[in-house]
Asks: 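Attaching a single structure in structure tokens format; questions to follow.
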Amino acid sequence: MSNRMISLVSAILLVGTAFAASPAVADDIVLGASVQLTGSSANTGRYYKDAYAFAIEKINAAGGVSVGGQKRKLALKIYDNQSDVNLSVRQYTQLVAKDKVALLLGPFASNFALADSAVSEKYQVPMVQGGGASDQIFSRKFKYIFGTLAPASNYFGSTVKMLKELQPAPKTVALLYADDAFDVSVAEGTRPLLKEAGFDIVMDEKYSSNASDFNSLLSQIKSNGAEVVLVAGHETEILNFVRQAKSLAVAPKMYSFTVGVPSEDFRKALGADADYAFGMTAWLPSAKLKDRWFGDAATFAKEYKAKFNYDPDYHAASGAADVEALAQAIENAGDTDPAKVRDALAKLNFDSLYGKIAFGENGQIDLPQTVIQVQGSELKAIYGPDGLIEKPKYPMPAWNAR
């Protein structure tokens, strides 16, 4: 590891707890972020911390960013928001008002991105974030927020299409969702999709974020006979849901989750109990996804695993693409002026390890979700934009019949 990267991960104290800062050389372009490195969302927050640092290291190793004919290195200043939204807002204010970073990378989670993007808009410093997908983030006509996650309202879009092709065809669906910005957006988008597809929504329930007790909701599922259960929530909630479903012997024909299933940690935590679970991802590490800095997505995934000792999922790929988007926009603008970079971001259209980066008028990218499923010890791509990819394991057997 280079001295620059060693300094990148040296801890200092600033505005709560700061995880890392690279003492930038005078001509470095400093990117700032506040990420969940401790607290309830730290397990997912690490994807962004690692992806940001890795992408910056890769770009710098290739010579840095070309700005008006001059090569300049990127540097990272990243703070730990401790999974606290209010602290995150203060840290982003610190980054732009006092630290004077050039541009911003985002936090994890929609409620954070929703609040933090108000800072970028106020100070007119572009933020590219791959951690918040809620439609609310992009419905305010803000000009300085850009997102690399697809709209939350269509997260279950591919899943609903797949449901219509399953045999035996399910008819009844339970929709559960947490009360945060992302999951509410998921539910608001999924509800009409299910109705248009002709499914009977026998349960439509919101639960409190960070809930640990799902026994009541699971008892309702058991009594109403829902054949399909769709759950929008955070990874810890999903883990509790599956464990309690097993303890109560609740086994519908299938369940699908917005998060968790793509994560190696999720599958390790549940072991064999993760089998049959459906999920979704906007990214898989395919060699077909060509990339200027990493070569392709498969190479990125291999090098990421070697460096951090865990597999990247779409969070990591999205985070790396955020850095690449800023680097490409700086080069296209030929300047680091925030307004010029913002305009260049709005016009971006390039291939990355994550896929095509081209932001819509609202600043959000739109990539289709691929339905995935845990099948034994493997994670399989099941259903994508062109239909069925591989046969799903369906219906799910009873817990005592596995």
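These numbers come from a predicted model, not from an experiment.
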Asks: Does the side-chain contact (heavy atoms from CB on, under 4.5 Å) test come out yes or no for Val125 and Tyr92, once each step is laid out?
Replies: CA-CA 11 Å; Val125 176; Tyr92 273 107; over 6 Å; no
Asks: Hey, are Glu121 and Arg140 close enough for a salt bridge, meaning a charged N less than 4.0 Å from a carboxylate O?
Replies: no
Asks: Would you check if the side chain of Gln373 reaches a backbone N or O of Lys393 as a donor-acceptor pair within less than 3.5 Å?
Replies: yes
Asks: Salt bridge check, Arg72 against Asp28: does any charged N sit closer than 4.0 Å to a carboxylate O?
Replies: no
Asks: Show your working on side-chain contact (heavy atoms from CB on, under 4.5 Å) between Thr44 and His234 and close with a plain yes or no.
Replies: CA-CA 10 Å; Thr44 307; His234 298 289; over 6 Å; no
Asks: Would you please say whether a donor-acceptor pair under 3.5 Å links the side chains of Gln244 and Asn240?
Replies: no
Asks: Taking NZ in Lys71 as the centre, count heavy atoms belonging to other residues, nucleotides or ligands within less than 6.0 Å. Is the count above 12?
Replies: yes
Asks: Report the C-alpha distance between Leu163 and Phe199 in whole Å, list the side-chain angles of each, state the deciding distance to 0.1 Å, and finish with yes or no for side-chain contact (heavy atoms from CB on, under 4.5 Å).
Replies: CA-CA 9 Å; Leu163 291 180; Phe199 293 103; 3.5 Å; yes
Asks: Backbone N or O of Asn111 within a donor-acceptor pair of the Asp180 side chain at under 3.5 Å?
Replies: no
Asks: Between Glu264 and Lys268, is there a salt bridge with N-O shorter than 4.0 Å?
Replies: yes
Asks: Within the supplied structure, the quantity of interest is the number of heavy atoms (other residues, nucleotides, ligands) at a distance under 6.0 Å from Lys164 NZ; does it exceed 12?
Replies: no
Asks: Using a 6.0 Å cut-off, check whether atom CG of Asn349 has over 12 heavy atoms from anything other than its own residue.
Replies: yes
Asks: Surrounding NZ of Lys347 (heavy atoms of other residues, nucleotides or ligands, distance under 6.0 Å), is the total greater than 12?
Replies: no
